Amino acid sequence: MNRTPVPVTVARGDGIGPEIMAATLRVLEAAQARLAIEEIEIGEAVYKRGNAGGIEQSSLDSLRRTGVFFKAPITTPQGGGVKSLNVTVRKTLGLYANVRPCPAYAPFVATRHPGMDVVIIRENEEDLYAGIEHRQTDEVYQCLKLITRPGCERIARYAFEYARAYGRKKVTAFTKDNIMKMTDGLFRKVATEVAAEYPDIAFEHWIVDIGTAKLADAPEQFDVILLPNLYGDIISDVAAEIAGSVGLAGSANIGMNCAMFEAIHGSAPDIAGKGIANPSGLLLAAVQMLVHVGQGDVATTIHNAWLRTIEDGVHTADIFDANVSKQKAGTDEFASAVIARLGQSPNVLKPVAYAASPSIEVKVLTRARQKKEQVGIDVFLDEPNVTPEQLGKSLEQLAGPDFRLDMLSNRGQKVYPGGAPETLCVDAFRCRFISTSGAVSTEQVIALVTRLAKAGHPFVKSEGLFTFDGEDGFTKGQGQ
Ligand code: NAD
């Protein structure tokens, strides 16, 4: 066993942060966690000094140096110009995987789903969270959903490696690939490809709406759930809530070179300074961190002592229930109760046993690039005062000889040729031009856009229509 202390960057945060961090560090020390702590300041004080991200460059340098960030919650000031610290850290350090275990602790913590033991693995960097938004016209706003093959591959591999390392049996992916055939379709396709490399782990896919309904109704049917960013954001809170563990849950944000561990709750300013906050979420995040840095032995000792404390009815006010709790403990008392039980295991709840060294390694395979050809272009025009019929006829005159007008769509719905009179048309039209001779050159595309502009059609943007190894890299218009 490696006894060299592992460098870790620690931030005590705002509100209840300093109280729960002090309690947690006391438990880590008593359990002889082998950590060399570097402290940094983040959050409210840093924002107030005018730093929009809530974290100084020197602190980011510390994170890069240690590669491990143990973070208490912070208070995010309200108002414009302030950027989410979590998003800043995630994006700067490439923390692509969010891992949130959501187990039930019945009968000691109230839940309707006593058999639930779900781990949510959420892609953390892509999807609608790329933050690429534009106002295209007077009436239309747009947010780009970006899903990449390497991004899908990393998160899918992480989910299967996690399942293997933690003795889990099944990975379930949720997507909406019946509607978003290209983006969510890629997420599902890559997850299915990766699943084939892990025959020891079962794999299934649910459309996100029915999957979420099933999760809320019968969460014990699920094991590891693999999700794109937006669905993961929503469903990870649903899962923690129905497990009864929203105040008890920790989460890990994992990158190739760096990882961040924190409780899922916020800085709880309403109870700050009162010594009554529950340190469990942060302590369980510390358990995830210890496993990550190869101290599964210490993680096992702490987690089992914590389970025993919960089982013995030593509860902080937030989970105190006169029917099951035996002692109402403050933050420090609770930490002392955990310390007193180091070396003990739970009797009713299932004890944990973590492997001594970390075993999750994710490699993204390189693959041959596919042959890409441009076969057309979608041109987006700002046209407030025309009918689809008028616009279609005008554009048909301007299309040739290199292109033909394939269709116009408005809010994704085909409106020309042959649109339905009921379709509401706003001022942004997508005009699809397809090459008359197979592939088109950039020069031909530019010449088309120039013709449209000269004829008085206000240009907003364009998207190339490409094929990859002969397969269309674009969807048809709805109704086409
Ligand atoms: P919150 O999670 O801080 O509090 C919600 C409720 O839960 C409050 O009643 C609080 O007292 C209670 N609670 C939370 N943690 C508790 C604990 N450990 N023990 C006992 N009770 C606990 O959410 P909020 O009030 O919406 O947000 C407060 C601040 O935290 C905001 O500034 C928000 O931006 C920030 N926040 C930070 C993070 C983070 O740093 N990761 C996450 C969420 C919210």
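What you are looking at is a predicted structure, and each value in this text was computed from that prediction instead of being measured. Quick note: residue numbers are just sequence positions, from 1. All ligand and atom numbering here is 1-based and tracks the order in the structure.
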Is it true that [X] and [Y] make a salt bridge, defined as a side-chain N closer than 4.0 Å to a carboxylate O?
X: Asp127; Y: Arg122; answer: no
X: Arg154; Y: Glu126; answer: no
X: Asp184; Y: Lys176; answer: no
X: Glu311; Y: Arg341; answer: no

Open item on the list: Could you check whether any side-chain N or O of Gln142 sits under 3.5 Å from a backbone N or O of Gln136, counting only pairs where one atom can act as donor and the other as acceptor?
Closed with: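 No; judged by distance alone, with no hydrogens or angles, the pair does not exist.
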
- [ ] Count the heavy atoms belonging to other residues, nucleotides or ligands that lie under 6.0 Å from CZ of Arg369, then report whether that count exceeds 12.
- [x]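 No, because the 6.0 Å sphere around CZ of Arg369 holds 12 heavy atoms or fewer from other groups.
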
Task: Residue contacts for ligand 1, heavy atom to ligand atom, distance under 4.0 Å - done: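 Within the 4.0 Å shell of ligand 1, which is judged on heavy atoms, sit Ile16, Lys71, Pro73, Ile74, Thr75, Thr76, Asn86, Glu262, His265, Gly266, Ser267, Ala268, Pro269, Asp270, Ile271, Ala277, Asn278, Asp318.
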
